[in-house]
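Here you go, one structure.
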There are 2 protein chains.
Amino acid sequence: MTHIEGMETSTEDTDDSARRSIGARRNPASQEAILDAAEAVLKESGIGGFSIEAVARRARAGKPTIYRWWPNRTALMLDVYKRFKNTRTFPDTGALRSDLIALLENHLLGFWKDSLCGTVYRAIIAEAQNDRDAAASLYTYQVERKAVVLQMVTRAKARGEVDEAVDGTLLVDMVVSFAWHQLLLGRVAEAMDSIEAVVDGLLMGCAGYQRKE
Amino acid sequence: MTHIEGMETSTEDTDDSARRSIGARRNPASQEAILDAAEAVLKESGIGGFSIEAVARRARAGKPTIYRWWPNRTALMLDVYKRFKNTRTFPDTGALRSDLIALLENHLLGFWKDSLCGTVYRAIIAEAQNDRDAAASLYTYQVERKAVVLQMVTRAKARGEVDEAVDGTLLVDMVVSFAWHQLLLGRVAEAMDSIEAVVDGLLMGCAGYQRKE
DNA sequence: ATGTATCGAAACGAGCCGTTTCGTTCAAGT
DNA sequence: ACTTGAACGAAACGGCTCGTTTCGATACAT
């Protein structure tokens, strides 16, 4: 994303000379250089090589500058992630089935496959298993995002497409669960082919129980 | 598990005096002490505090002894996990619905909730996001376990309970996905209440599409 | 003009990494 | 009976990252 194309170390050279203080205030160029560097490090080395030191070297920034604005590396990763998540619009196709398919194709699996957003998100999930603060941040983020997705079901109910008694929370949970599982097993690309089967299985049942023939 | 009850440092004192070599062969007492210590460290400090040094200190063992038998800390965590996974028998209740409910209650969510197996499994999943070898080991383990669970569907087909055309792989994937998602969000205890709704939603559809009334 | 908050650079002590060395204990091979 | 060799615990190695502190230079804010 942004403008990462040069294969050399030119990515972080937003300014030719070294950045300096611009006075008693935050230097936006440094913040952007740090986020760019964090993004690049995650892209190239994954979470294993993601250290504050590595980001600082890459950004030609001082470690105290990073620690001043981000309390820990999880916060930095979350900021990198948030730079991505607004680049695609949420689907409203007029039907729940195609809404969910578009959700998986554009916002979950497809998003993770195309950008390095999947790598960042994997790193955040892994970090949340270690760090209590990261877990809380991730859970809050999940609640927010699922509430937005739940509106797909609400719209379907308003259209009379599904019954009012349907548990939309469960439906959303299952879609997201599937996407997470494939992401964490490194099967995002392969899972793209199963999207329609997953959505149909969720909407109509995987086992053919009580279906009208 | 085993006999962890003493709150002091008595856990690792399987022998009063220090263990020594028993000749040119593996010392089972050391292996058990190391696995006990690894288990205890994971239980008390989580994956964040899980280092080879910490395990060696806790076990009163030398680091070379650990590195001799386990190539990395992921392998050690997997061995800790494998000491648990055979303590409960796989269900065969005679019906697919109750089989899947028992699977979630006894082998996935319930298992993770009751023992520290959930903590260990979270650590392994997190490690798999960093380490390529860990990811491969985890994926292989997943394939094996899912193949065993798939036999539930195979039995149901043999009984004529579900149609031969049903995609059992998808069904198993969805059940496991749900369990993983709740585990990784730290919601295992809360998810226990949703088990029946999840299984019914998977078998008969979450959205009430094409169901006979 | 002064005060102050930022910047990058460098160095700090601490902890863990994975490895090596050392002296020991003792089964296995001769 | 004797030697060989592997496994054991302990200790130390160089290397890396951690999070913090110090420093001089910079330039907005008052």
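Chain letters run A, B, ... following the sequence lines, proteins first, then strands; residues in each count from 1. Note that this is a predicted model, so its numbers are computed, not measured.
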Discussion item. What is the separation between atom CD on B:Glu32 and atom P on D:dC8, rounded to the nearest whole Å?
Written reply: 13 Å
Practice prompt. Figure out the CH2/P separation between A:Trp69 and D:dT20, and round it to whole Å.
Written response: 16 Å
Fill in: Whichever of B:Glu53 and B:Asn27 has its nearest DNA chain D nucleotide further upstream toward 5'
B:Asn27
All N/O donor-acceptor pairs, side-chain side in residues 148-155 of chain A, below 3.5 Å, sequence neighbours left out:
from, atom 1, to, atom 2, distance (Å)
A:Thr154, OG1, A:Leu150, O, 3.2
A:Arg155, NE, A:Asp92, OD1, 3.3
A:Arg155, NH2, A:Pro91, O, 3.3
A:Arg155, NH2, A:Asp99, OD2, 3.0

Worksheet item: Is it true that a side-chain atom of B:Asn27 and a backbone atom of B:Arg20 form a donor plus acceptor pair closer than 3.5 Å?
Response: yes
Fill in: Integer-rounded Å distance: D:dA7 P and B:Arg60 CZ
24 Å
Discussion item. Between B:Ser30 and D:dG9, is there a contact of a side-chain N or O with OP1 or OP2 at under 4.0 Å?
Written reply: yes
Fill in: Which nucleotide in D:dT17, D:dA11, D:dG19 has an atom nearest any side-chain atom of A:Tyr67
D:dG19
Worksheet item: For the side chain of B:Lys157 and the backbone of B:Val166, is there at least one donor-acceptor N/O pair under 3.5 Å apart?
Response: yes
Response to the item:
From CZ of A:Arg57 across to P of D:dC18 the rounded distance in Å is 9 Å
Worksheet entry | Counterpart residues, side chain to side chain donor-acceptor pair (under 3.5 Å), relative to A:Thr65 (two or more places apart) | none
Discussion item. Each nucleotide in nucleotides 25-30 of chain D should get exactly one letter: B, S or -. Can you fill that in based on protein heavy atoms under 4.0 Å?
Written reply: -BBS--
With a cut-off of 3.5 Å and sequence neighbours excluded, list every side-chain donor-acceptor pair involving residues 192-203 of chain B.
from, atom 1, to, atom 2, distance (Å)
B:Glu196, OE1, B:Arg97, NH2, 3.3
B:Asp200, OD1, B:Arg97, NE, 2.6
B:Asp200, OD2, B:Arg97, NH2, 3.1

Fill in: End axis versus end axis in the helix from C:dA1-D:dT30 to C:dT30-D:dA1, the angle rounded to 10°, five pairs used at each terminus
10°
Discussion item. Between A:Ser51 and D:dC18, is there a contact of a side-chain N or O with OP1 or OP2 at under 4.0 Å?
Written reply: yes
Worksheet item: Centroid-to-centroid, A:Tyr121 to A:Phe111, below 6.0 Å?
Response: no
Worksheet item: Ignoring hydrogens and angles, are the base of D:dG19 and the side chain of A:Lys63 linked by a donor-acceptor pair under 3.5 Å?
Response: yes
Response to the item:
Between B:Val80 and the options B:Val120, B:Ile34, B:Thr119, the side chain to side chain contact (heavy atoms under 4.5 Å, CB included) test singles out B:Val120
Practice prompt. Measure from CZ on B:Arg68 to P on C:dG18 and round the result to the nearest Å.
Written response: 16 Å
Worksheet item: Just how far, in rounded Å, is P of C:dT6 from CD of A:Gln31?
Response: 10 Å
Discussion item. Can you measure B:Asn130 atom CG to C:dC16 atom P for me and round it to whole angstrom units?
Written reply: 18 Å
Worksheet entry | Below 4.0 Å: OP1/OP2 of D:dG9 and any side-chain N or O of B:Arg19 | yes
Worksheet entry | Contacts of type salt bridge (charged side-chain N to carboxylate O under 4.0 Å, His left out), residue A:Lys63, not counting sequence neighbours | A:Glu53
Fill in: Side-chain donor or acceptor of A:Arg58 paired with backbone N/O of A:Val41 under 3.5 Å
no
Worksheet, complete the sentence: In whole angstroms, the gap separating C1' of C:dC7 from CD1 of A:Ile66 amounts to 13 Å
